Amino acid sequence: MKQQKLLQSGKVKSVYRTDTPGQLIIEFRDDITAFDGGKKDVLADKGRFNAEVSAFFFEYLEKYGVKTHFVKMLDEKRMVVRDLQMIPLEVIVRNFAAGSLVRNYPFKEGTKLNPPIVVIDYKDDSRHDPMLNDEIIGALGLATPAELKKIKKIALEVNSHLVRFLAELDITLVDFKLEFGRGGKTIYVGDEISMDSMRLWDKTTGESLDKDVYRFDKGDVIATYNRVSRRICT
Ligand SMILES: Nc1ncnc2c1ncn2[C@@H]1O[C@H](COP(=O)(O)OP(=O)(O)OP(=O)(O)O)[C@@H](O)[C@H]1O
Ligand SMILES: [Mg+2]
């Protein structure tokens, strides 16, 4: 497979056309950003840890019948994926209160949310990803009611699989974000499932095992990403 024209360079990943119709290459760069890009750095090896964990989870979910964009890895940082028409939603599943939920609502950090909460934000950094509801999503024409129902169902399925898998490793899945896209009439999970998109707490020590280490200067980001990816992928 040949990598062709750069289609899009996001904050942390680059998307390339390929010589295979319907397939793209996503390169996980070593960039890391937080607070809508307000904080940014380049950390050696960060890209490959996120690529490895994403590939691991996409393959894991496929085994349970979840449709993802994952095709294969080309090398440590480059993933071949199905070319999707991305839906500009950030679909967040929360099992425990943390992050913006605690900042914006009277939840105490760490409160268990039973059943889990699905929150959908509009993927638009210039507007700071405002929270949507079904009516706004419909009025903006972002997704049909049937697509939205499907997206929420898949998000909760992914949550059950990830919660169960991570619990075995003594890791709490606090929350995570998914992006979805259309491939023909089918909805696929796209983008990434990594330490940048999940909030993970060590069950025993309570320590952060994800991008919060970077956001809030809690320690050595790369050492954490390295340890977590070893724990998940081996
Ligand atoms: N299978 C796919 N097909 C097409 N585009 C995809 C696919 N998976 C992810 N993308 C898109 O690729 C980009 C990944 O880059 P990155 O995560 O760095 O971007 P971002 O900073 O989150 O956002 P932005 O889209 O605003 O640039 C995102 O725009 C994402 O929606
Ligand atoms: Mg992104």
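The figures that follow rest on heavy atoms only: side chains count, while hydrogens, waters and symmetry mates do not. Computed from a predicted model, the values in this text were never measured in an experiment. Both counts, for ligands and for their atoms, begin at 1 and track the order of listing.
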Q) Are the side chains of V93 and I117 in touch, meaning some heavy atoms are under 4.5 Å apart? A) no
Q.
Tell me whether I26 reaches ligand 1 (any heavy atom closer than 4.0 angstrom to a ligand atom).
A. yes
Q) Got an N/O contact under 3.5 Å between V12 and ligand 1? A) yes
Q. Backbone, side chain, both or neither: what part of M86 comes under 4.0 angstrom of ligand 1, heavy atoms only?
A. side chain
Q: Consider every N or O of G190 and every N or O of ligand 1, then say whether any pair is closer than 3.5 Å.
A: no
(Q) Is the contact between D125 and ligand 1 made by the side chain, the backbone, both, or neither, using heavy atoms and a 4.0 Å cut-off? (A) neither
(Q) Let me confirm one number: the CD1-CE distance from I232 to M195, rounded to the nearest 0.5 Å. (A) 6.5 Å
Q | K13 vs D31 side-chain heavy atoms within contact, under 4.5 Å | A | no
Q. K13 to ligand 1: N or O pair under 3.5 Å?
A. yes
Q: Apply the side-chain hydrogen bond (donor to acceptor under 3.5 Å, both in side chains) test between D30 and each candidate in K46, K77, R48; give the one that qualifies.
A: K77
Q.
Under 6.0 Å from the ring centre and within 45 degrees of the ring axis: does the NZ or CZ of R164 meet both conditions for the six-membered ring of Y64?
A. yes
Q. Relative to the heavy atoms of L84, which atoms of ligand 1 are at a distance of less than 4.0 Å?
A. 1 (N), 2 (C), 3 (N), 4 (C)
Q. In the protein, what heavy atom is nearest to atom 31 (O) of ligand 1, and what distance, to one decimal place, separates them?
A. E179 OE1, 2.9 Å
Q.
How far is atom 19 (O) of ligand 1 from the closest protein heavy atom, and which atom is that?
A. G10 CA, 3.4 Å
Q: Would you check if V91 and V118 make a side-chain contact, meaning some heavy-atom pair closer than 4.5 Å?
A: yes
Q: For the pair K177 and D129, find out whether any cationic side-chain nitrogen is under 4.0 Å from an anionic carboxylate oxygen.
A: no
Q: Could you tell me whether the side chain of M198 reaches within less than 4.5 Å of the side chain of D210, counting heavy atoms only?
A: no
Q: Within a distance under 4.0 Å of any heavy atom of L24, pick out the atoms of ligand 1 and give their elements.
A: 3 (N), 4 (C)
Q) Do the two ring centres, one from F70 and one from F57, sit under 6.0 Å apart? A) no
Q: Nearest 0.5 Å please: distance from the NZ atom of K39 over to the CZ atom of R215.
A: 10.0 Å
Q.
At under 4.0 Å between heavy atoms, is it the side chain or the backbone of Q8 that contacts ligand 1, or both, or neither?
A. side chain
Q) Going by the order shown, which atoms of ligand 1 are within less than 4.0 Å of some heavy atom of V15? A) 12 (O)
Q) Any non-hydrogen atom of K123 lying under 4.0 Å from ligand 1? A) yes
Q.
Tell me if the aromatic rings of Y188 and H69 count as close, with their centers under 6.0 Å from one another.
A. no
Q) Just which atoms of ligand 1 are under 4.0 Å from any heavy atom in D191? A) 8 (N), 9 (C), 14 (C), 17 (O), 30 (C)
Q: Check whether any N or O atom of R82, backbone or side chain, sits under 3.5 Å from an N or O atom of ligand 1, and answer yes or no.
A: yes
Q) Does V81 have a heavy atom less than 4.0 Å from any atom of ligand 1? A) yes
Q | For K11, the ligand 1 atoms whose distance to one of its heavy atoms is below 4.0 Å | A | 16 (P), 18 (O), 19 (O), 20 (P), 21 (O), 22 (O)
